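As the structure is a computational prediction, the values presented were derived from the model and not from experiment.
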Amino acid sequence: LKKKITEIEEYSNDVDVILFNVDSKSATDSKMNKDAIKDVFMKVFNDYLGYCGSMPFLAEFERKLDMDGVYDQFKDKFAEINGAPWIKVREDFYFIQDEIIEAVTSLGIMSESEAKNWAENAQNTYNLSIDKFAEYVRKYCESKGKNHHVLFLVDEIGQYIADDSKLMLNLQTVTEDL
């Protein structure tokens, strides 16, 4: 497999290869979710881009800041306020909300009321469709140049899906939309 990846990378400089074992990247209870495959793909894609893979609503926040060109400023301001780098403590979201709110308000990214509302509701209002996931990948590829590709290599997908038709349909839809 590593030989094939090397061949693909040598063939084109415009390919990002994301190799992962689906079971090791999925949440413990994810097989119960009909969107489990899409969720795992989004997690590994977020991780690959440097966003918070384990908390997709937080990754969406990071993506928005990045698209607006203020993500680096936010990380610097957060570190100044909190004393620790954003990347190291972001998964402690529920314990650092005040510092997040202070950082975004002091930079003028959000008003205080908007920031508090976001912090209180972000997880509950987060929603990701397969179509939206595919759109994120498309926008990423477009940002890298005309002929850029992302190659997802998924290990152990057959064992993960087994005979679950919902997971198979989820994989088929992800593949088709990509």
Side-chain angles (χ1 to χ4, degrees), residues 1-27 30 33-79 85-91 93 100 103-104 107 109-110 118 121-123 125-157 160-161 167-178:
L1 187 58
K2 290 187 186 241
K3 182 181 176 188
K4 277 290 185 199
I5 292 170
T6 304
E7 288 175 16
I8 292 166
E9 288 174 336
E10 287 175 4
Y11 173 73
S12 173
N13 290 332
D14 288 336
V15 175
D16 289 335
V17 178
I18 303 174
L19 171 65
F20 63 98
N21 178 307
V22 67
D23 195 42
S24 71
K25 295 295 183 178
S26 66
S30 68
N33 177 0
K34 72 176 185 70
D35 291 325
I37 303 292
K38 177 240 344 165
D39 292 343
V40 174
F41 271 71
M42 189 75 236
K43 177 183 181 187
V44 297
F45 187 60
N46 282 334
D47 281 338
Y48 183 79
L49 297 179
Y51 301 137
C52 186
S54 63
M55 301 175 90
F57 70 93
L58 202 52
E60 189 166 307
F61 169 75
E62 293 169 317
R63 180 178 286 103
K64 170 72 170 130
L65 295 179
D66 207 7
M67 287 173 38
D68 292 347
V70 295
Y71 187 41
D72 288 334
Q73 289 175 289
F74 167 77
K75 290 188 291 188
D76 292 343
K77 179 56 91 174
F78 178 85
W86 168 250
I87 303 298
K88 295 221 183 244
V89 297
R90 65 186 173 189
E91 291 186 16
F93 173 78
I100 296 170
V104 295
L107 292 171
I109 296 169
M110 289 185 214
W118 173 81
N121 297 303
Q123 183 175 10
T125 59
Y126 175 78
N127 188 2
L128 178 72
S129 65
I130 294 173
D131 186 50
K132 190 173 179 182
F133 163 68
E135 181 70 10
Y136 283 145
V137 175
R138 183 189 64 76
K139 284 181 179 179
Y140 171 75
C141 288
E142 286 177 354
S143 77
K144 292 296 191 175
K146 185 176 181 174
N147 197 29
H148 194 82
H149 298 81
V150 174
L151 180 62
F152 291 95
L153 298 176
V154 189
D155 194 20
E156 303 298 342
I157 193 72
Y160 186 80
I161 290 174
L167 291 177
M168 180 55 100
L169 178 61
N170 193 233
L171 176 63
Q172 178 181 346
T173 307
V174 167
T175 303
E176 289 171 357
D177 280 15
L178 286 175

Between Ile161, Leu167, Ile157, which is the residue that forms a side chain to side chain contact (heavy atoms under 4.5 Å, CB included) with Val22? Ile157

Non-hydrogen atoms of Cys141 and Val150 that approach each other most closely: SG-CG2, 3.7 Å

Aromatic rings Phe152 and Phe41: how do their planes relate, parallel, tilted or perpendicular, breaks at 30° and 60°? tilted

If you compare all heavy atoms of Met42 against all heavy atoms of Tyr126, which two are closest, and at what distance to 0.1 Å? CG-OH, 4.3 Å

If you take all heavy atoms of Ala59 and Cys52, which pair is closest and at what distance? CB-O, 3.3 Å

For Pro56 and Asn46, the nearest pair of non-hydrogen atoms, with its separation, is CA-ND2, 4.5 Å

Whether over 12 other heavy atoms sit under 6.0 Å from Met110 CE: yes

Using modelled atom types only, decide if a donor and an acceptor are shared between the side chain of Lys43 and the backbone of Lys25 within a distance under 3.5 Å. yes

Counting N and O atoms only, with roles assigned by atom type, does the side chain of Lys38 sit under 3.5 Å from a partner on the main chain of Leu128, one being a donor and the other an acceptor? yes

side-chain contact (heavy atoms from CB on, under 4.5 Å) filter on Thr175, not counting sequence neighbours, yields Leu171

Under the criterion salt bridge (Lys or Arg N to Asp or Glu O under 4.0 Å), I'd like the reasoning laid out for Asp72 against Lys75: C-alpha separation, chi angles, the key distance, then a yes or no. CA-CA 5 Å; Asp72 288 334; Lys75 290 188 291 188; 3.4 Å; yes

To the closest 0.5 Å, what do you measure between CG (Asn127) and CG (Asp35)? 9.0 Å

Could you go through Arg138 and Glu142, starting from their C-alpha distance and side-chain angles, then the distance that decides it, and tell me whether this counts as salt bridge (Lys or Arg N to Asp or Glu O under 4.0 Å)? CA-CA 6 Å; Arg138 183 189 64 76; Glu142 286 177 354; 2.4 Å; yes

Of the options Trp118, Trp86, Phe61, which is the one that meets Phe93 in a ring-ring contact (aromatic ring centres under 6.0 Å, His included)? Trp118

Grab the two heavy atoms, one from Gly50 and one from Tyr71, that are nearest each other, plus how far apart they are. O-OH, 4.2 Å

Of all residues at least two apart in sequence or in a different chain, which pass the side-chain hydrogen bond (donor to acceptor under 3.5 Å, both in side chains) check with Tyr48? Asp16

Heavy-atom pair with the smallest gap, counting every atom of Arg90 and Leu58: O-CD2, 3.3 Å

Geometric cation-pi criterion, Lys132 with Tyr136: 6.0 Å, 45°: no

Mind checking what makes side-chain contact (heavy atoms from CB on, under 4.5 Å) contact with Asn121, not counting sequence neighbours? Asn117, Thr125

